[in-house]
Amino acid sequence: MSTEDASEALQGLSTRAIHAGAPAAEPHAPLVNPIVQSTTFYTAPIPEGEVLYTRYGTNPNHRAVARTVAALEGAEAALVTGSGMAAIAMSLLALLRSGEHIVAQAELYGGTLKLLRDELPRLGIETSFVEDDEWRDALREETRVLLLELPSNPTLRVRDIGALVTLARERNLHVLVDATFATPVNFRPLEHGADVVVHSATKYLAGHSDVIAGVVAGSGDLVESVRERLRSFGPSLDPGATWLLERGLKTLAVRVQRQNQNALALARWLMGREGVAAVQYPGLPDHPDHSRVRELFDGFGGMLAFRVEGGDEAALAVLGKLKVMRVAPSLGGVETLVSMPRYTSHAALSRAERHAAGIGDGYIRLSVGIEDVEDLQEDLHGALAAEVRSR
Ligand SMILES: *Cc1c(COP(=O)(O)O)cnc(C)c1O
């Protein structure tokens with residue numbers, strides 16, 4: 001059975017994650033794709049058909065990951081890029097020309113915000129940043145793209161994608177979703193009418209905090225248009241790094257399911273603990289988007305945030321006492337990472353701006369890993385109790 005035949009018969013997400021990108025089952029073929037450390041590939045003297053070249057995202061390792069990502073997202077096609085930022089930038093350059101306009105949700109990953117605010121205007125592409133009810137009012141004649149992150153960082157808001165897709169269809173716009181935080185295990189935006197989904201594969205898809213990568217998935221035409229930008233601007237992924245991403249993807253489903261479980265358990269445990277002022281997690285009934293996430297998502301995710309009493313100083317003290325959780329920015333790996341957005345992603349904002357963005361004093365973000373949840377709980381318990389005692 002060829003890989004194509006096999007992938008058609010595959011149903012579940014875990015099965016697809018493992019088999020969709022695998023080599024064809026032929027005698028003596030490797031079970032696992034080897035790293036194809038080759039920039040170029042033989043052709044006829046007058047090349048027939050597609051010319052493969054590693055910068056084009058057509059190295060066999062790229063193609064294996066693209067098959068897997070397309071199968072996971074339910075997309076016609078997918079493409080691997082050198083980073084999450086490359087995935088976003090190349091996608092936007094494929095969708096927009098000079099003079100055109102983006103409407104984006106106000107709370108975005110810092111790198112994306114910088115791209116939209118500082119880089120794209122130099123190419124004549126402007127962005128309006130909007131809150132929940134302002135999308136329609138922000139539309140202009142030149143608007144081409146609606147851009148959102150599901151869920152957003154760090155407050156884990158999930159915008160009404162149904163309403164935005166309806167608006168986009170009405171006005172002939174493209175909906176681009178950065179679903180890095182959701183992963184296809186928890187949410188697949190294309191199933192809900194989005195046109196393009198991008199991931200920082202650096203996070204959950206690769207999952208081991210050891211490779212920078214990005215992916216784009218959507219229609220065949222769109223992915224080819226993104227590939228044109230990849231060819232011209234050049235941010236392609238090295239085959240070795242692509243192989244690490246390919247390996248990581250095979251365990252995506254079990255990792256994310258475990259991260260969902262661990263995060264929900266920790267969120268519930270943190271509620272009402274001494275020293276904890278508030279907990280933000282889409283799986284808790286008091287999260288503003290809880291019912292939407294329940295309806296649309298298959299899991300609440302591995303990211304959560306909480307505020308400690310005593311403000312930033314107390315939060316810093318808690319971070320200093322953790323023994324299992326690691327203090328570092330980034331997310332989505334097997335190890336639990338903890339950070340304070342006040343000093344990392346949102347350091348440039350004033351206190352009032354941070355509060356308006358939902359980041360109160362003493363705010364701590366957790367990227368929950370796959371460790372034993374009892375150990376994570378014990379770690380937080382020890383750090384919080386020591387902080388409360390020291391007051
Ligand atoms: C990390 C991240 C990015 C950027 O990805 P890189 O792989 O670091 O380039 C984009 N969007 C979101 C939501 C992220 O978390």
Side-chain angles (χ1 to χ4, degrees), residues 57 62 65 69 73 78-93 102 104-120 127 129 145 147-159 161 175-187 189 194 196-217 226 229-230 233-238 241-242 244-245 248-249 252 256 259 263 282 297 301-305 328-333 337-339 341 344-347 357 359 365-369:
H62 295 146
V65 168
V69 170
E73 292 288 359
L79 175 69
V80 183
T81 61
S83 67
M85 284 315 303
I88 295 166
M90 296 306 107
S91 298
L92 289 173
L93 291 175
I102 302 168
Q105 97 190 9
E107 34 178 18
L108 288 172
Y109 175 73
T112 308
L113 201 60
K114 226 171 143 34
L115 173 73
L116 297 173
R117 215 178 36 202
D118 302 340
E119 299 295 335
L120 292 186
T127 300
F129 298 96
V145 172
L147 191 161
L148 65 162
E149 283 176 16
L150 292 177
S152 67
N153 173 34
T155 56
L156 309 169
R157 297 300 310 268
V158 173
R159 303 299 173 191
I161 184 168
V175 176
L176 187 156
V177 178
D178 178 341
T180 298
F181 275 43
T183 84
V185 178
N186 289 334
F187 185 65
V196 200
V197 56
V198 297
H199 288 273
S200 167
T202 309
K203 316 293 169 53
Y204 290 98
L205 299 194
H208 294 72
S209 308
D210 56 8
V211 54
I212 295 283
V215 296
V216 180
V226 180
R229 270 72 245 171
L230 185 73
F233 288 88
S236 59
L237 193 65
D238 174 79
T242 312
L244 283 174
L245 170 55
L249 277 166
L252 176 70
V256 171
Q259 283 162 316
F297 280 46
M303 300 298 296
L304 75 88
S330 198
L331 63 126
L337 295 185
V338 51
S339 63
T344 56
S345 53
H346 295 69
I359 303 163
R365 185 185 87 164
L366 285 184
S367 167
V368 179

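Atoms within each ligand, like the ligands themselves, are counted from 1 in listed order. Please read all numbers here as calculations on a predicted model, not as lab measurements. When a residue number appears, it is its place in the shown sequence, counting from 1.
- No donor-acceptor pair closer than 3.5 Å links the side chain of T242 to the backbone N or O of H62.
- With a heavy-atom cut-off of 4.0 Å, S330 does not touch ligand 1 at all.
- The single protein non-hydrogen atom nearest to atom 14 (C) of ligand 1 is K203 NZ, 3.0 Å, given as residue, atom name and distance.
- Close approach to S83 involves these atoms of ligand 1, each under 4.0 Å from a residue heavy atom: 7 (O), 9 (O).
- Taking every non-hydrogen atom of A213 and a distance limit under 4.0 Å, the qualifying atoms of ligand 1 come out as 7 (O).
- Taking atom 5 (O) of ligand 1 as the reference point, the nearest protein heavy-atom neighbour is S200 OG, 2.9 Å.
- The backbone N or O of I212 sits nowhere less than 3.5 Å from a side-chain atom of S83 that would complete a donor-acceptor pair.
- For atom 4 (C) of ligand 1, the closest non-hydrogen atom of the protein is Y109 CE2, 3.4 Å.
- Closest to atom 7 (O) of ligand 1 among all protein heavy atoms lies T202 OG1, 2.6 Å.
- Ligand 1 places these atoms under 4.0 Å from at least one heavy atom of T180: 12 (C), 13 (C), 15 (O).
- Residue Y204 forms a side chain to side chain contact (heavy atoms under 4.5 Å, CB included) with just one option from N186, T183, V185, L249, and that option is T183.
- No side-chain donor-acceptor contact under 3.5 Å links H199 to the backbone of V197.
- With hydrogens left out, the protein atom closest to atom 12 (C) of ligand 1 is D178 OD2, 3.4 Å, a heavy atom.
- Contact check for P184 versus V69: no side-chain heavy atoms found under the 4.5 Å cut-off.
- Under the 3.5 Å distance criterion, the side-chain polar atoms of E107 are left unmatched by any main-chain donor or acceptor of T155.
- Not a single donor-acceptor pair under 3.5 Å links the side chain of S200 to the backbone N or O of T180.
- Atoms of ligand 1 found under 4.0 Å from any heavy atom of G84 (numbered from 1 in listed order, with element): 5 (O), 6 (P), 7 (O), 9 (O).
- Here the side chain of T202 pairs a donor or acceptor atom with the backbone of A213 at under 3.5 angstrom.
- The N/O atoms of F181, backbone and side chain alike, include none that comes under 3.5 Å of an N/O atom in ligand 1.
- The protein atom (non-hydrogen) at minimum distance from atom 9 (O) of ligand 1 is M85 N, 2.9 Å.
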